[in-house]
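Below is one structure; the comments refer to it alone.
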Protein chains: 2
Amino acid sequence: MLDEPLLTAKGEATRRRIVAAATAEFAAYGIAGARIERIVAEARTNKAQLYAYFGGKERLFDAVFTASLERILEVVPIDADDLAGWAVRLYDEYLVRPDLIRLATWHRLERRPAGHLVPDTARLDTGKLTAIAAAQAAGRVVPGDPFDVMALVIAMSMAWSPVSNVYAATADEPEEVHRRRRDLLRRAVAGATGAVPSGRA
Amino acid sequence: MLDEPLLTAKGEATRRRIVAAATAEFAAYGIAGARIERIVAEARTNKAQLYAYFGGKERLFDAVFTASLERILEVVPIDADDLAGWAVRLYDEYLVRPDLIRLATWHRLERRPAGHLVPDTARLDTGKLTAIAAAQAAGRVVPGDPFDVMALVIAMSMAWSPVSNVYAATADEPEEVHRRRRDLLRRAVAGATGAVPSGRA
DNA sequence: GTGAACAAACAGAACAGTTGGTCTGTTCGT
DNA sequence: ACGAACAGACCAACTGTTCTGTTTGTTCAC
């Protein structure tokens with residue numbers, strides 16, 4: 001029963017539809033608010049399949065969340081020599097795929113109230129951290145714990161994200177507004193993380 | 001039925017216990033995840049009182065949320081001439097009262113997926129915005145929409161908040177760690193928002 | 001090729017536990 | 001005595017999960 005059955009092409013397609021529907025559902029309502037009924041309806045399948053493939057609501061969220069996480073990691077790779085540009089690309093990514101940040105935040109709120117968002121941050125962030133450390137060694141980035149620098153830049157990129165506590169931007173706003181925010185963000189990240197060449201500021 | 005009964009001293013005390021219990025409950029589980037049963041148990045009262053005083057789950061959340069919002073506004077007043085210091089004070093506030101930010105984020109996720117967190121931002125933020133605008137006019141803060149500057153600084157202060165998508169700090173971490181983050185935050189906000197006196201950076 | 005056999009895909013009913021919300025009746029304070 | 005505070009039973013609706021039975025696709029002996 002716990003063994004997932006072998007998937008045929010058709011089953012694989014259904015499985016994917018379930019993941020897609022669940023991603024939207026969880027992003028919109030969270031774990032507690034999501035409804036299995038709505039997911040299977042949206043995925044044009046039935047509960048039996050969902051439970052055969054994923055085992056339950058919690059584990060379905062796991063599948064959805066980890067898939068989303070890997071996606072965002074590869075879509076917006078870090079550029080430690082241009083943290084400002086990286087932040088701007090993240091800003092744009094949030095506009096295109098608000099679901100991913102919402103998913104991450106639900107995960108934070110409903111599952112991990114403290115500490116790292118995911119347990120094995122080490123594996124996921126190693127690339128980012130060494131890149132930042134290298135840029136610091138080259139004097140292009142302000143000194144300090146690379147992890148903290150990363151957290152700060154990501155936080156800045158999320159100032160207008162779908163989970164902002166001030167204002168959540170959307171793609172349908174005028175392009176000029178986005179340009180204004182990108183400019184401010186770029187300059188701010190540069191100013192915040194750029195190493196001071198010499199003397200005082 | 002919709003008319004709330006006049007409150008005696010005892011009733012007022014019960015009402016307050018309900019708000020306190022509901023604040024903790026909503027902060028922990030959100031609107032969908034919160035349980036009326038747990039709230040009345042924690043508040044040492046019963047459902048009849050809760051429904052007489054607040055009318056229902058949603059409206060109870062309203063009461064809890066707006067109360068928390070006003071609280072955080074008055075506890076950490078802005079200092080536009082020292083945005084870095086303000087950000088650091090916010091960092092500390094999140095350590096002391098993680099509930100308030102969590103509440104705000106639940107509100108964002110479950111109720112206001114886009115735009116302003118609260119509809120009448122105008123009234124709430126006017127003070128902040130004029131303060132920032134004045135500091136900009138005096139050349140102490142980088143130019144740009146004051147609202148965007150505010151959003152950015154708040155976002156920076158939340159880099160390690162209880163809703164961070166990277167790492168959620170807690171009060172029980174070593175003081176040295178907090179000091180390190182505060183230093184980075186202070187310098188970063190100063191660098192991000194400080195106006196450049198003249199020439200290039 | 002064909003048809004029996006088997007596993008996966010499917011649909012929907014059924015189930016048990018829970019939840020927000022209401023109702024009835026009792027106690028308390030003034 | 002009158003209304004507010006209170007306690008707990010009660011209810012209807014909903015939800016995650018399981019079960020029963022049917023259809024579909026593939027395999028393979030013949």
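The interatomic distance linking B:E37 (CD) with C:dT22 (P) rounds to 15 Å, in whole Å. One interatomic measurement links the two molecules: CG of A:L50 to C1' of D:dT15, which rounds to 13 Å at whole-angstrom precision. B:R59 places its CZ atom 16 Å from the P atom of C:dG20, with the value rounded to the nearest Å. Following rounding to the nearest Å, B:I31 (CD1) and C:dT19 (P) show an atom-to-atom distance of 17 Å. Nucleotide D:dT20 holds its P atom 17 Å from the OH atom of A:Y51, rounded to whole Å. Going from atom CD of B:E12 over to atom C1' of C:dG29 covers 17 Å, rounded to whole Å. Rounded to whole angstrom, the span from the CD atom of A:E58 across to the C1' atom of D:dT15 amounts to 14 Å. Residue B:R44 contributes atom CZ, which lies 18 Å from atom C1' of D:dG8 at whole-angstrom precision.
Considering only side-chain atoms of A:Q49, the nucleotide from C:dA11, C:dA9, D:dC6 that sits closest is C:dA9. The nucleotide whose nearest atom lies closest to any side-chain atom of B:K47 is, among D:dG16, C:dC10, C:dT22, C:dT22. The side chain of A:N46 has C:dC10 as its nearest neighbour among D:dG16, C:dC10, D:dA7.
The neighbour count for B:E173 CD, taken as heavy atoms of other residues, nucleotides or ligands under 6.0 Å away, is above 12. For B:Q49, the CD atom is densely surrounded, since the number of other residues' heavy atoms within 6.0 Å is greater than 12.
Taking a cutoff of 4.0 Å between a charged side-chain nitrogen and a carboxylate oxygen, B:D92 and B:R182 qualify as a salt bridge.
Counting only N and O atoms by type, the side chains of B:Y53 and B:T14 include no donor and acceptor under 3.5 Å apart.
Side-chain rings of A:H116 and A:F147 approach one another, their centers coming within less than 6.0 Å.
If you find the closest nucleotide of DNA chain D to A:G33 and to A:A48, the one lying nearer the 5' end belongs to A:G33.
Contact check, A:T14 against C:dC10: a side-chain N or O comes under 4.0 Å of OP1 or OP2. Using a 4.0 Å cut-off, some side-chain N or O of A:Y53 falls inside it from OP1 or OP2 of C:dA9. Considering only side-chain N and O atoms, A:R35 lies nowhere under 4.0 angstrom from the phosphate OP1 or OP2 of D:dC14.
Among the protein residues, A:A32 comes within range of no part of the nucleic acid, since none of its heavy atoms lies under 4.0 Å from any strand. Heavy atoms of B:A13 sit nowhere under 4.0 angstrom from any nucleic acid atom.
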